Every structure is written in structure tokens, then in C-alpha cells.
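Presented below is the structure to which this report refers.
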Number of protein chains: 2
Amino acid sequence: MRQIIDERTGGTVRPPCGAEPHSALHGPSHAPTMRIAAHVTVLHEGDPARRIMEVVDGAVMLSKLLPDGRRQVVELLGPGDVFGLAHADIYACSAETLTPATINTHDRSALERDPVLGARLLRRFEAQLCVMHSHALVLGRMSALERVAFFLLRLMPETMVGGTLHLSMTRQEIADFLGLTLETVSRAFSELKRRGLVVLQRADEVRIQDRGSMRRLAGAL
Amino acid sequence: MRQIIDERTGGTVRPPCGAEPHSALHGPSHAPTMRIAAHVTVLHEGDPARRIMEVVDGAVMLSKLLPDGRRQVVELLGPGDVFGLAHADIYACSAETLTPATINTHDRSALERDPVLGARLLRRFEAQLCVMHSHALVLGRMSALERVAFFLLRLMPETMVGGTLHLSMTRQEIADFLGLTLETVSRAFSELKRRGLVVLQRADEVRIQDRGSMRRLAGAL
DNA sequence: CGACAGGTTGATCCCGATCAAGTTTAGTGG
DNA sequence: CCACTAAACTTGATCGGGATCAACCTGTCG
């Protein structure tokens, strides 16, 4: 756990990096694609920002810490999403894989040189900024039950209607994403179950039963 | 009030637009710069997204509404910041001037054509995304007093140390930005005053007295 | 089996929302 | 200039949703 298991460039296996804040991903600037295990911290908030990254496959969680240890998960990323953003050449967030993931990395200097990359990132940044705006509404104005309903709808695309959603996050991670405590998240799940809006096959497997009621709760996502 | 007072291209005065949701800014695609009065709604959440805008001068507030009327101010913009972002060709937020403002507009199609504009927007989007990440931490994990301290530090650049900050927002607008109620914001201001961290010359004129304590409260901005 | 990480549920507490007066400020017209 | 008004702000009293504290449960893996 907490270990980079493979790197495509040359196929070499890099040493564990989860526990060493400054050792992550200082590879050569032409190592674009990496395969990373679940629950690996890829970037650390505060480290010098050398690279910008794209999720090719899998899920990544960005989080920020307060000095006293309070944590906020600020963004959940899937394929296509970009991370490794910086203020003053310092990473603004930590990034941790939620599932095994494939990640594409670019040297920050490539941004100026490669207009195709720039155009792709521009579109993606716009989308992610819109998602952050929605998330501000969730964090600032929604009740606990509404937040959890919103969270589940967001993870469950329109397409997969009858399917079962596998949550690859613990209650604590969901709580840190939604600005709640793990107990409140657990109670919200139980309440949604009690009302018949969702079915919990297991703690981490959810099926949305009544999408209409969920949408109404989430304020029409 | 709530009226566009000037448009540089040709110097024509456009009709009031504040109250008509669909009448704003459908000018020719080569009308780049506009002068706008304070408290004018420039964009409406949900309108078709034709243009992308840059703040040249002044302050703009982006907000989102829930169906039941709860509001979240999702971003505060100053010179250089960009707005008019869209999901599915629909504006994701309403935009309202807080002060008289100068705004530069571009046709969305110009994004693909103009690489210089694209590069500028890319840099700006990255900065705004980082700010949104911080704001998620504020909304998700900070107490009322911490939020208000953070807000004041954010508005008061390092440079202006002894100066007086003019808030161009009401308590309600600040509350909607910080995910609080106007009463709680008012109490937080009073508490900061009581503790000697700020001086309130008037309700909308603040001087930060003890920046160190403010930083500690805000979790080291 | 035992250990432990993650999850659920209950009891209580507290911060911020809500409800309710008052107070200040800015604007308007006589 | 002052009286009147309305909007914004402050402050107090009370309430409630979610945090906190505390057991207990469940599943997984050695």
C-alpha cells in the first residue's frame, strides 16, 4: 500500500513514496505515463510544483489540511481531469489515488510550448471550475442529507440507471469531501435507505432506487 | 441602478438589463469592452452561454441559487479574473458587479482561434481553481469566526498594511459567500472588534489591527 | 479464532440558524 | 435644515442540526 507499482518509461519499479513527502515523482521530465496503486499519495500540498498531471484512468482525491489537522477533500477526479495546480510554484493540494490509476504527467514548462495540451487543459479547467462552483453551493448551503444525495447523484452518471455504484471512499473520506463528520454521513445513508431512496448492498455498494426523490433532495442536480 | 451605463464600442448606451433575464449582453461579437455600473447583474445562471468575460477593473460576484432560493456566492472576482463559464452551453453562475466595473468580453469561439487569449485564460483558470480549493476548505471545515477572518485577510493584500479596507458587500452578501447567515457575520465582526483584531470605522470600513492573530485564526492564509 | 479497521447507532452538547427587537445610516421631500 | 422612511446593521433569546462522545456491530484477514 502507498507505493507506486510501475512506471511505463522503461518499466522500472520506483521505490515506495507514500511516507516520504519529498520523494514523489521526481523522475525524468519525459516520463509521461504512470501506473499507480490505490491509496497512494501522489502529490503533497506544499511541495515544489514541477509537474502537472492528468488522470487517464481511475479515481484521484485532492485534499487540503488546516494546521490543526482538519481536512477538506476539495475535488474528486476521474479520467480526463487535471491536477497538480500551484500557487507560487507550490502544490496547493495533496493528491491521493482512490483506486488503481493511470496518470499522465507533463513538465509545467510544457504548458507554454504545447498549444494542444494547453487547449485541452483549458477546457478541462473550465469544467473543473464549474464543478467547484457547484461544490461551493453544496458546502455552503445544503443540509447533511442533501449533501449525501448530491454526492451519490454526482457519482452515478445518468447512463448507468439500474447499476450498483461502488464507493471507493470510506465514510471519513466522504465526510471530509462533504464538510461533515463520518457519523453524520453514516446517518444520512441510513436515512436515505429508510426512506427507500437507495439500497445499500454493502456499506460501499449503493443502488439508487428513487432517482426523482434524490434529485429533489439534491436541488435538481 | 442595475443598468449598463456605457459600452465603448461606438459609445452607445445600452438599455437597462438588470430585470430582464435574457436581454443581457447580446451585442455584436466585436464589442470587447464595457463600462458597467455597480449592482448590475451581467449574466444570469441558466442563460445560453455565448461569451466569456474578463474583469479589467472593479469587482464582480458570481453566485448560484438553489430552487428554494438559498444562495451561495461562489467566487469574488477582481481585475484579471475570468467569468462566464459554462456547462453544456449554459452559464453556471449569475454574475453581478459589486462596484462600477470595466469588463472585457470575448466570443466563446475566439477561445479556439486565439492562442494568446487561451494561454492567458489557462493561467487565470489555474489561479481561480486554486482559490476555489481554498474556499472549499473554508466552507467545509472552518468556524464562523475563522471564515470571517479568512475573508478579511483575502480582501486585504499584504501590501496595504495600515490601510482601511472598504467592503463593497452587505452582510448578507458576505454571509452568502461564507456559507453563514447575516447575523452570524455581524456577530463575528463584533467579536473580532471586541478582541482588538480589527477596527470598524463604519460597518463597511475595516482596518486590520492585529494581522498575526488574524492569520492564526484563518489557519495561516 | 482473535484482532482491527470501518461502520452503525445512541445520548448529549454546542455553534450557528432562526426569530425578534432595536439602532444606525442613507436617501427623500417638505 | 429637519422629519420621515427604508435599508442595512447590531444585539438578544431561543431552537435545532450536526458535532462529539461512547458503545457496539460487521466484515476481513492473519
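Quick caveat: nothing in here was measured; it's all calculated off a predicted structure. Order of the sequence lines sets the chain letters (A, B, ...), proteins ahead of strands, with each chain counted from 1.
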Query raised in the report: Taking atom CZ of A:Phe151 and atom CG of A:Leu76, what is their separation to the nearest 0.5 Å?
Result: 6.0 Å

[X] [atom1] to [N] [atom2], straight-line distance once rounded to whole Å:
X        : N      : atom1 : atom2 : result
A:Glu191 : D:dG17 : CD    : P     : 12 Å
B:His39  : D:dA7  : NE2   : P     : 14 Å
B:His166 : D:dA8  : NE2   : C1'   : 13 Å
A:Arg194 : C:dG10 : CZ    : P     : 12 Å
A:Asp176 : D:dA19 : CG    : P     : 11 Å
A:Arg147 : D:dG17 : CZ    : P     : 14 Å
B:Arg70  : C:dA17 : CZ    : P     : 13 Å
A:Leu145 : D:dA19 : CG    : P     : 13 Å

Report task. In sequence, state the C-alpha distance, the side-chain angles, and the governing distance for B:Leu153 and B:Arg211, and then conclude on side-chain contact (heavy atoms from CB on, under 4.5 Å). Result -> CA-CA 8 Å; B:Leu153 283 181; B:Arg211 206 178 176 88; 4.0 Å; yes

**Report entry** From B:Gln72, B:His135, B:Glu75, residue fulfilling side-chain hydrogen bond (donor to acceptor under 3.5 Å, both in side chains) relative to A:His133
**Finding:** B:Glu75

At a cut-off of 3.5 Å, list every protein nitrogen or oxygen paired with a nitrogen or oxygen from nucleotides 24-30 of chain D, distance to 0.1 Å.
none

Query raised in the report: Taking B:Arg124 for the side chain and B:Gly80 for the main chain, is one N or O donor matched with an acceptor at less than 3.5 Å?
Result: yes

Query raised in the report: Is the backbone N or O of A:His39 less than 3.5 Å from a side-chain atom of A:Thr97, with the two atoms forming a donor-acceptor pair by type?
Result: yes

Report summary line: The single option from A:Val206, A:Leu98, A:Leu200 that satisfies side chain to side chain contact (heavy atoms under 4.5 Å, CB included) with A:Leu167 is A:Val206

Query raised in the report: How sharply is the helix from C:dC1-D:dG30 to C:dG30-D:dC1 bent, taking the axes over five pairs at either end and rounding to 10 degrees?
Result: 40°

So which protein nitrogen or oxygen atoms get under 3.5 Å of nucleotides 5-9 of chain C's nitrogens or oxygens?
residue	atom	partner	partner atom	Å
C:dG7	OP2	A:Arg171	N	2.9
C:dT8	OP1	A:Arg171	NH2	3.3
C:dT8	OP2	A:Arg171	NE	2.7
C:dT8	OP2	A:Arg171	NH2	3.3
C:dT8	OP2	A:Ser186	OG	2.9
C:dT8	O5'	A:Ser186	OG	3.2
C:dT9	OP2	A:Ser190	OG	2.5

Query - Steps toward side-chain contact (heavy atoms from CB on, under 4.5 Å) verdict (A:Arg35, A:Asp57) - result: CA-CA 9 Å; A:Arg35 186 74 201 158; A:Asp57 193 77; 4.2 Å; yes

Report task. Measure from NZ or CZ of A:Arg171 to the centre of the six-membered ring of A:Phe189 and say whether it is under 6.0 Å with the direction within 45° of the ring axis. Result -> yes

Query raised in the report: Any side-chain heavy atom of A:Arg207 within less than 4.5 Å of one from A:Gln201?
Result: yes

Query raised in the report: Could B:Glu191 and B:Arg195 be called an ion pair, given the rule that one side-chain N must be under 4.0 Å from one carboxylate O?
Result: yes

Report task. Could you tell me whether A:Glu146 and B:Arg70 make a salt bridge, using a distance below 4.0 angstrom between a side-chain N and a carboxylate O? Result -> yes

